[in-house]
Amino acid sequence: MPVRLLKTVSGKSETPLPSHLQKEDLKHLQEGFDHTNKYFKGVVVLSYPLMKLGDGTDFFKVVLQDLDNWISRNNSINILLYGKMAEDCAKVTRHGDTFAVAGFKVAKSPTAREDGRHGCHLEVSEEAGSTIYVHKILGECLDNFFLLFPNFVMPFQSVAPKYVYTPLNRLKDGTVVNLYGVVKFFKPPYVSKGTDYCSVVTLVDPSNVKLTCTLFNGNLDFLPKIYKVGDIVRFHRIKIREYNGQMQGITSAGFASLTFDGTVGAPVVPRTSSKVYTFMDEEQKIIEELRVWADSNLCIFGPAAKLAGVQPMIFFDLTCQLVGKAKVDGSSFLLKVWDGTKCPYPTWKVPVEARDLEGEKTLLHQLRNLTVDILVYDNHVQLAKSLKIGSFLRIYSIHTKQASSDKDDVSCIEFHLHGGTCYGRGIGVLPETNPDVKELKVFLGSVDLADSQNMESMSSLELDSTGMKIIRKFFLISDLESHLQRCQELSVTVLTDHQDLKDTELKTILNSRAPQQYRIRAKLRTYEPQKLYQCIKLHCSKCNSLWEVPGGDDFDLILQGSAVTAPNLELHNTSWYDSVMWTTEDQKQRKITIHFVKHDEMVQQPEDTLIMIEGGTLKEIWKLTKRFKCVIPVRSTEDDLELLDLSAPFLLQGNIKYYGCMRCSTPKPIECLSSIAAEQQPSWEPTEIARVLGIEPLQYVFVMKFTLVDGTGTLNAYLFDYEKFFQIPASEILTNNFLQQKMQMTMNTLCPPGRKLDDLPWLECFIKSYNVRDVMKQQVYYQIFDTTVAEDVV
DNA sequence: TTAGGTTTCG
């Protein structure tokens, strides 16, 4: 809606300014301050002709004099109006009119020295969500009245539209906009490497477009108070920029936010640091609509857990109360927390000096069986130090690790908040008004401390799906018992073949010659490696060699090394690929070339296209794999493109890096790929790509050593499995956290930590024995085969 | 300025 003067108003009975707006004093108008929900009021003492700027934008300048400081010498300020607002205001403005300006941007006034006015000016436009309330003069009589009684509250008429909110699919580079969104991902505010706190927030809206915003502020309070995925935010005056081909939001001067609980039916109460803010009935409607949309269109699955529900080797968010804290060393800090439930596993205690431990000694002692020690590292230390004992926290992405203890059967769980902010890792302080905190407080109050040794009586408050509070008994230990009982009766693994074979005791197997095959029934006493990510290897089926999976850093180094080679322009744009080269804008002036492989002389849709990249970084390549079917990192030689070193992947597809065997591969020129491109329907299968490029592909494989016992003997059997045993492809486990957790849970069922031998479940397996002869001696080895984890185990 | 979502391996 354009600026519109509805009618001339008179008398006090007319609509006053909206109640959420507060008057800002002239002397408080400063750059970098939060002027959200403030207005500045003044009389138009001067106006300039309407102009057009170089880009065609209308521009109008007026000078407002502060009524409350009319005696002061320096009491006027320049107001710069842009666009439609400039055009419309120019039509109706007369000297002597009173303007109340809200939603303005404060910037340094370049003309302050010459015109002697305020050091800053105010910038207003419809795009920035500005509002101007104009009171028209009614004649000299009232004008004088006004000057005599400056505090007289005048009726105002709104002539500018209210805030305009831009859907996420309509954002344009270089604009400052207002928007709503549902939080899909967030990093709670953390101390950046600069001077401010930083919070990263990814939003979605019904246009199904995602926007990642990077928000900075020196004051924690000015960043949005997001507590969980699914919260809804309203951002005012967020700047939109293009970054890496995508729109990005970033704080601009005057940025302000409101945050709402995203639960359908919950009260619509904004969380904000501002005491006043605009919030109308219409906006309540927007929140309610977004809640309903998110409820049916978004999968908001949070990894929240109670201490009673934790497993080793998971990442989870914990809502808890801080009971104690202590410094450990320069890079780590200890938080002792509880949530009223008891962790079913023994938990580790971080050794600290008694004098370093802060917190109420009696309470720490009383809660000793219910608190857990969380060790936080690096960038989280500063925030952790500042936390107040007794405060309620949500700690995001805590990692539970199983401590490897060789000395006894009982291993314990460690809780770590590792350094960095990946996956939103961090600490958030929850206010006492937070619904989750209210609920937690009720529950903590109900915990009978004398009874805390008796785990079976623990209970917990939970919210059911309708948001109603219900009290449910927690019988976690007994749940675990019954689960284990089932495992003991049946078997946690099943055979996929040879059902008719009879069981053989381990003692008999150990005393027999190899090679032979057996069916066994045994318990898994222990396994190696305990760190499951270490059990993934690369296997060459041609020479039978096993290779470690190279780390991301290795790949990065190779990429950096290859980026030194300048791209050979003679190899650009051939009959089977189109090439695009660009130079980065930073000081390094890095050159990146992408060769798009064509089909039928045309570049296909990205999801069907194979690209080759020269000079890219690990991150850039990673991003390209999200968009294109295949990515092959290459470098230029004098007369052809070639693959990089074989310790780098020869191909990236989705999450998977494909490697070639260094012994068996004889890389051919990249030109050979053109034969696949020429096929009628190129499938770009990794094995096919490897074949034409002379690469012997390595396969991802699980390699583990199981120590099995059955009362008659102990036998070490190797598990060598691509997919069948865990029903998880080994190729995906390193890049898929969900699958890693699933695998860890499987191992916890097969070999529950902290259990005595009698309580371990039975496994039914096939094993085969085989001879391995080296120079010195011949040895018998055993391998598990045709066995899989039972379907109902995980 | 900072970070620019994509778990550590202590």
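Here is the naming used below: chain letters follow the sequence lines, and residue numbers restart at 1 for every chain.
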Check whether any side-chain N or O of K187(A) sits under 4.0 Å from OP1 or OP2 of dG4(B), and answer yes or no.
yes
H418(A) side-chain proximity, nearest of dG4(B), dG10(B), dT1(B)
dG10(B)
Between atom CG in N655(A) and atom C1' in dT6(B), what is the gap in whole Å?
9 Å
Is the distance between the ring centroids of F235(A) and F255(A) less than 6.0 Å?
yes
When Y377(A) and G424(A) are each assigned the nearest nucleotide of DNA chain B, the 5'-most assignment goes to G424(A)
Give the rounded distance in Å between these two atoms: CD of Q248(A) and C1' of dA3(B).
8 Å
Pick base, sugar-phosphate or nothing for D378(A), based on heavy-atom distances below 4.0 Å to the nucleic acid.
base
Counting heavy atoms from C-beta on, name the nucleotide in dT8(B), dT6(B), dG5(B) closest to the side chain of K401(A).
dT8(B)
Mind checking the P distance from dG4(B) to dT8(B)? Whole angstroms is fine.
14 Å
Using a 4.0 Å heavy-atom cut-off across all strands, classify S397(A) as base, sugar-phosphate, or nothing.
base
Just to be sure I understand the rule, does I250(A) reach a base, reach only the sugar-phosphate, or reach nothing, if contact means heavy atoms closer than 4.0 Å?
base
Under a 3.5 Å threshold, yes or no: a donor from one side chain and an acceptor from the other, between N736(A) and Q740(A)?
no
Between F702(A) and F726(A), does the ring centroid distance fall short of 6.0 Å?
yes
C422(A) side-chain proximity, nearest of dG10(B), dG4(B), dT6(B):
dT6(B)
Is the phosphate of dG5(B) approached by K210(A) (side-chain N or O, under 4.0 Å from OP1 or OP2)?
no
Choose from dG5(B), dT8(B), dA3(B) the nucleotide whose nearest atom is closest to any side-chain atom of S192(A).
dA3(B)
Hey, does the side chain of K623(A) come within less than 4.0 Å of dG4(B)'s phosphate (OP1/OP2), counting only N and O?
no
Would you say the rings of Y377(A) and H416(A) are close, in the sense that their centroids are separated by under 6.0 Å?
yes
Using only heavy-atom distances, determine whether the side chains of H539(A) and Y722(A) contain a donor-acceptor pair under 3.5 Å.
yes
K193(A) side-chain proximity, nearest of dT6(B), dT8(B), dT2(B):
dT2(B)
For atom CD of Q246(A) and atom C1' of dG5(B), their distance in whole Å
11 Å
Whole-Å distance separating the OH atom of Y190(A) from the P atom of dG4(B):
4 Å
With a non-hydrogen cut-off below 4.0 angstrom, is H416(A) in contact with a base, only sugar-phosphate, or nothing?
nothing
Send over the distance from E414(A) CD to dG10(B) P, rounded to a whole Å.
10 Å
Between dT8(B) atom C1' and Y396(A) atom OH, what is the distance in whole Å?
20 Å
Look at the side chain of T202(A) and the base of dG5(B), then say whether one donor and one acceptor between them are separated by less than 3.5 Å.
yes
Rounded to the Å, how far apart are M313(A) CE and dC9(B) C1'?
9 Å
Would you confirm whether the ring centroid of H236(A) sits within less than 6.0 angstrom of the ring centroid of Y165(A)?
yes
Please pick, from dT2(B), dG5(B), dG10(B), the nucleotide with the shortest atom-to-atom distance to any side-chain atom of Y423(A).
dG5(B)
Separation of Q744(A) atom CD from dC9(B) atom P, in whole Å?
17 Å
For Y533(A), report the nucleic acid contact type (base, sugar-phosphate, nothing); a contact means any heavy atom under 4.0 Å.
base
